[in-house]
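Submitted below is the structure of interest, expressed as structure tokens.
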Amino acid sequence: MIGKLDVVVLDAADYQGLAAFYGELTGWEQTYADDDWVTLRANDGWKVGFQLSPDHRPPHWPGQEHPQQAHLDLRVPDLEPALERVLALGGTLLRRNERWLTVADPAGHPFDLAWQPGGAGFELLAPVLDCPDALTLSFFYTALLGKPLTHNDDDGFTMIGEVGAQPMMFQQVDDYHPPRWPDPAHPQQLHLDVLVDDLDAAEAATLALGATRVPSTGTTFRVFLDPVGKPFCLCSEPG
């Protein structure tokens with residue numbers, strides 16, 4: 001383990017409006033806000049951040065011309081009332097399935113509403129990263145975050161960590177197109193902040209796993225690309 005998953009961050013031009021959408025939808029509490037960032041505290045210790053991206057270009061799900069890159073899985077006790085609330089707050093229905101619905105938030109980020117009978121409301125299950133090889137990428141994040149591989153199926157879907165303990169999921173997609181951060185024409189859409197004790201030591205260990213460091217101006221964080229090109233940050237202070 002190199003660091004602890006701290007914040008899952010969504011990009012948006014109207015980051016405050018997007019934070020308000022998720023806050024109204026889920027009841028998650030705002031814990032931090034500044035001129036380009038809002039953080040909400042969700043269930044099970046999750047923190048979800050919303051970051052100003054003035055040139056944000058929304059994904060066009062499900063294709064790879066403007067890919068989603070990642071999405072959130074939310075568990076809900078009843079699908080139809082949850083969908084009604086999403087639509088009333090400005091979201092969009094993208095696809096129906098028997099046990100889940102794929103919807104989009106007002107910034108265009110897809111997310112799934114998964115049926116969980118008896119649940120307490122809108123609960124974040126996990127972020128799901130798109131990738132060309134789910135098992136290979138899950139091994140990278142297992143080493144980075146210290147979460148064991150807990151699911152691997154023949155359909156190219158894996159999970160690390162346990163449900164209720166901030167798991168991460170990975171889904172294999174055909175014709176995967178990585179982001180080209182910071183190029184707004186090929187946006188990251190979502191990234192992870194990983195909290196570490198020592199930036200220098202964490203950087204060396206992260207590079208040894210196959211990550212690549214990219215230029216950034218912060219003094220309390222450093223930006224890296226994982227092996228499939230998705231940006232993430234190592235941070236010395238919690239978000």
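Excluded from the calculations below are hydrogen atoms, water molecules and symmetry mates; all remaining heavy atoms, backbone and side chain alike, are included.
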Quick check on the hydrophobic clustering: are Val48 and Met168 connected, directly or via other members, by side-chain heavy-atom contacts under 4.5 Å?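 Cluster IDs for Val48 and Met168 match.
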Check Pro179 against Pro231 and note the closest heavy-atom contact, atom names and distance.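 That closest heavy-atom pairing would be CG-CD, 3.8 Å.
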Do you know which two heavy atoms are closest between Leu137 and Cys131, and how far apart they sit?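 Distance-wise, the nearest heavy atoms are CD2-CB, 3.6 Å.
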Under 3.5 Å donor-acceptor, Thr158 side chain and Asn152 backbone: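 Not a single qualifying donor-acceptor pair exists.
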Hydrophobic clustering (ILVMFWY, side-chain heavy atoms < 4.5 Å, transitive) - are Leu129 and Leu234 grouped together?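 Shared cluster, yes.
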Ile2 side chain reached by Leu209 side chain, heavy atoms, under 4.5 Å: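 Leu209 reaches Ile2 side chain to side chain.
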Tell me if a side-chain donor or acceptor on Arg85 pairs with a main-chain N or O of Thr26 at a distance below 3.5 Å.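 It does not hold such a pair.
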Can you find a heavy atom in the side chain of Gln166 that is under 4.5 Å from one in the side chain of Lys147?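 Result yes, sub-4.5 Å side-chain heavy-atom pair found.
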Asp34 atom CG: more than 12 heavy-atom contacts under 6.0 Å: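 Yes, the 6.0 Å shell around CG holds more than 12 heavy atoms from other groups.
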If you count the non-hydrogen atoms of other residues, nucleotides and ligands that lie under 6.0 Å from CD in Gln30, is the total more than 12?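 Enclosed.
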Are there over 12 heavy-atom neighbours, none belonging to Trp61, within less than 6.0 Å of that residue's CH2?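 Yes, CH2 of Trp61 has more than 12 neighbouring heavy atoms, counting only those of other groups under 6.0 Å.
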Give, for atom CD of Glu29 and atom NZ of Lys47, the distance between the pair rounded to the nearest 0.5 Å.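 Reported to 0.5 Å precision, the distance equals 12.5 Å.
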Specify the closest pair of heavy atoms between Pro106 and Gly90, including all atoms of both residues, with the distance to one decimal.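 Heavy atoms only, the tightest pair is CG-O, 3.8 Å.
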Just grab all the salt bridge (charged side-chain N to carboxylate O under 4.0 Å, His left out) pairs involving residues 94-114, residues at least two apart or on different chains.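 Pairs touching residues 94-114 that pass the test: Glu80-Arg96.
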Going from CG on Leu135 to CG on Asp153, what distance comes out if it is rounded to the nearest 0.5 angstrom?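 So the CG of Leu135 and the CG of Asp153 are separated by 10.5 Å.
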To the nearest 0.5 Å, tell me how far Leu145 CG sits from Leu5 CG.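 If we round to the nearest 0.5 Å, Leu145:CG and Leu5:CG are 6.0 Å apart.
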In the single-linkage hydrophobic clustering (I, L, V, M, F, W, Y; side-chain heavy atoms under 4.5 Å), do Leu87 and Leu74 co-cluster?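 Hydrophobic grouping puts Leu87 with Leu74.
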4.5 Å side-chain heavy-atom contact, His186 and His177: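 Result no, sub-4.5 Å side-chain heavy-atom pair not found.
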For a side-chain hydrogen bond (donor to acceptor under 3.5 Å, both in side chains) with Asp130, tell me which candidate from Gln69, Gln171, His71 qualifies.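 Result: among Gln69, Gln171, His71, Gln171 is the only option passing the side-chain hydrogen bond (donor to acceptor under 3.5 Å, both in side chains) with Asp130.
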If I compare all heavy atoms of Pro127 with all of Pro167, which pair ends up nearest, and what's the gap?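 That closest heavy-atom pairing would be CD-O, 3.6 Å.
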Interatomic spacing from CZ in Phe140 to NZ in Lys230 - rounded to 0.5 Å: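 Output value for this atom pair is 12.5 Å.
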Check Leu83, Leu94, Thr92 against Val103 for a side-chain contact (heavy atoms from CB on, under 4.5 Å) and give me the one that passes.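 Looking at Leu83, Leu94, Thr92, the match for Val103 under the side-chain contact (heavy atoms from CB on, under 4.5 Å) is Leu83.
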Are Trp46 and Leu25 joined in one hydrophobic group, where the rule is that I, L, V, M, F, W and Y side chains link up if heavy atoms are under 4.5 Å apart?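 Yes; tracing contacts between hydrophobic side chains, which count when under 4.5 Å, links both residues.
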Between His109 and Leu190, is any pair of side-chain heavy atoms under 4.5 Å apart?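 They are not in contact (no side-chain heavy atoms under 4.5 Å apart), so the answer is no.
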Please tell me if the side chains of Phe111 and Leu10 come closer than 4.5 Å, counting only heavy atoms from C-beta onward.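 No, side chains not in contact.
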Which pairs would a plain distance check flag for residues 38-45, meaning a side-chain donor or acceptor within less than 3.5 Å of a matching protein atom at least two apart in sequence or in another chain?
from, atom 1, to, atom 2, distance (Å)
Thr39, OG1, Trp37, NE1, 2.7
Asn43, OD1, Leu124, N, 2.8
Asn43, ND2, Leu124, O, 3.2

Using modelled atom types and a 3.5 Å cut-off, is there a donor and acceptor pairing between side-chain atoms of Gln189 and backbone atoms of Arg57?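 Side chain of Gln189 to backbone of Arg57: a pair is present.
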Identify whether Val8 and Tyr32 are in the same connected component of the hydrophobic contact network (ILVMFWY, side-chain heavy atoms under 4.5 Å).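 No, separate clusters.
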Closest non-hydrogen atom pair between Pro59 and Gln68, with its separation: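 Closest approach of Pro59 to Gln68, heavy atoms only: CB-CA, 3.5 Å.
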If I take atom CG from residue Leu113 and atom CZ from residue Phe122, how far apart are they, to the nearest 0.5 angstrom?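 Taking CG in Leu113 and CZ in Phe122, the distance rounds to 6.0 Å.
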Rounded at 0.5 Å granularity, tell me how far CZ in Phe170 sits from CG in Leu149.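 So the CZ of Phe170 and the CG of Leu149 are separated by 9.0 Å.
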Considering only distance and modelled atom types, tabulate donor-acceptor pairs under 3.5 Å from the side chains of residues 192-201, sequence neighbours left out.
from, atom 1, to, atom 2, distance (Å)
Asp193, OD1, His191, NE2, 3.1
Asp198, OD1, Asp200, N, 3.0
Asp198, OD1, Ala201, N, 2.7
Asp200, OD1, Arg222, NH1, 3.0
Asp200, OD1, Arg222, NH2, 2.8

Nearest heavy-atom pair of Asp11 and Ser53: which atoms, and what distance?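 For Asp11 and Ser53, the tightest heavy-atom pair comes out as CB-CB, 3.8 Å.
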So, the side chain of Asp73 versus the backbone of Leu125: is there a donor-acceptor pair under 3.5 Å, distance only?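 Side chain of Asp73 to backbone of Leu125: no pair is present.
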Whether Phe224 and Phe232 hold their rings parallel, tilted or perpendicular, with breakpoints at 30° and 60°: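 Taking Phe232 first and then Phe224, their aromatic rings lie parallel (interplane angle under 30°).
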Give a yes or no on whether the backbone of Met159 and the side-chain of Thr150 come within a donor-acceptor separation of less than 3.5 Å.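 Between the backbone of Met159 and the side chain of Thr150 there is a qualifying donor-acceptor contact (under 3.5 Å).
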